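Quick note: numbers below take in every heavy atom, side chains included, and nothing from hydrogens, waters or symmetry partners. No experiment lies behind these values; they were computed from the predicted model shown.
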Amino acid sequence: MPGPVQSIERAAAILRLLAQGSGRLGLTEIANSLGLARGTAHGILRTLQLVGFVEQDEATGKYQLGAALLHLGTSYLDVNELRSRAINWADALAARSGEAVRIGTHLQGKVLVVHHVFRPDDSLQTLDVGMLLPMHATAIGKVLLAYDANAAAALHDAVQDGELEQFTRRTVRTHREMSRALTTVREHGWASDFDEAGMGEAGVAAPIRGYGGLVVGAMGISGATERICDPGGRPRPDLVAYVRDAARAVSRDLGASRW
């Protein structure tokens, strides 16, 4: 069996070093701490900087962990911690609202449902965990598009030369319309859908944030339009409040400060 790759071991050691203490170190400090030649350390740092794992402060020249590396940590959080932290709050939201609750994250231009709580009645329902939902036609998807640049870029790349997929006459079809809709989401702090993914279906969703306020998912309710919206298609204020309160509670459990 081949042995370990020395350059990768050294890169990992640099990342661990930057993760300790103040998180900002100069080239000489890094080289001396790891017993590396300055040229070797500089070459590894340049490579880590090119892939976004390390950033260099222009004023001081010192290095720190980069946004791309932090995003990898967020991805781990999405699949391993988001669902477990949100379960109790999702159950409570279903009980308060009387509607089904879904928690989703971005996956390749779609919404991946990672948790689903049935509507608290005796009706026949299907478990949605693992289902992929359209981002532009669902409240959860709109939240992710509004706050996750990677999600927005993935959707844009998927339909560069055409319109967004239309499910009903109310589905947003163009990027210009979607841009206006996402501006409204950011202004309000929550999103809704009204007969957009399917006639007679509506939803409300709010962002779930982790450390630093980074959006790591979305939580929302979904159900019959006549239960969730008024005749004008506006979501009931009490349901919006329930959803936002639940999403904020999960965010606090994930370490988000107030925003």
Checklist entry - Cluster question for you: counting only ILVMFWY and a side-chain heavy-atom cut-off of under 4.5 Å, with indirect links fine, are Phe118 and Val204 together? => result no
To check you understand the geometry: which heavy-atom pair defines the closest contact between [X] and [Y], and what is its length?
X: Ala94; Y: Val101; answer: N-CG2, 3.5 Å
X: Leu93; Y: Val243; answer: CD1-N, 3.9 Å
X: Val185; Y: Ala146; answer: CG1-CB, 3.7 Å
X: Met135; Y: His106; answer: SD-CD2, 3.9 Å

Checklist entry - Under the side chain to side chain contact (heavy atoms under 4.5 Å, CB included) test, which residues partner Ala92, sequence neighbours left out? => result none
Next on the checklist: For the NZ atom of Lys142 and the CE atom of Met178, what is their distance to the nearest 0.5 Å?
Outcome noted: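 One gets 6.0 Å once the value is rounded to the nearest 0.5 Å.
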Checklist outcome for this item: The reported gap from NE2 in His116 to CE in Met131 (rounded to nearest 0.5 angstrom) is 8.5 Å
Item to check | Pairwise side-chain contact, Leu15 with Val54, heavy-atom cut-off 4.5 Å (strictly under) | outcome: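 Leu15 reaches Val54 side chain to side chain.
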Next on the checklist: Can you confirm whether Asp245 sits close enough to Arg96 that some side-chain heavy atom of one is under 4.5 Å from a side-chain heavy atom of the other?
Outcome noted: yes
Just by modelled atom types, is the [Y] backbone N or O under 3.5 Å from a matching donor or acceptor in the [X] side chain?
X: Arg170; Y: Phe194; result: yes
X: Ser179; Y: His175; result: no
X: Thr171; Y: Glu196; result: yes
X: Gln125; Y: Arg119; result: yes

Next on the checklist: Given the ring of Tyr147, does Arg209 sit roughly above its face, with NZ or CZ under 6.0 Å from the centre of the six-membered ring and within 45° of the axis?
Outcome noted: yes
Taking distance alone, no hydrogens or angles, what donor-acceptor pairs closer than 3.5 Å link side-chain atoms of residues 213-220 to residues at least two apart or in another chain?
none

Checklist entry - Is there a side-chain contact (heavy atoms from CB on, under 4.5 Å) between Phe167 and His136 once you walk through the steps? => result CA-CA 10 Å; Phe167 301 100; His136 66 289; 3.8 Å; yes
Next on the checklist: Within the 3.5 Å criterion, strictly below it, is a donor on Asp195 or Thr168 matched to an acceptor on the partner's side chain?
Outcome noted: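 No donor-acceptor contact under 3.5 Å links the two side chains.
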Item to check | Crowding at CZ, Arg46 (>12 non-hydrogen neighbours, <6.0 Å) | outcome: no
Item to check | Trp190 atom CH2, neighbour heavy-atom count above 12 within 6.0 Å | outcome: yes
Checklist entry - Checking ring-ring contact (aromatic ring centres under 6.0 Å, His included) for the pair Tyr63/His42: CA distance, chi angles, key distance, verdict? => result CA-CA 11 Å; Tyr63 296 90; His42 187 236; 7.3 Å; no
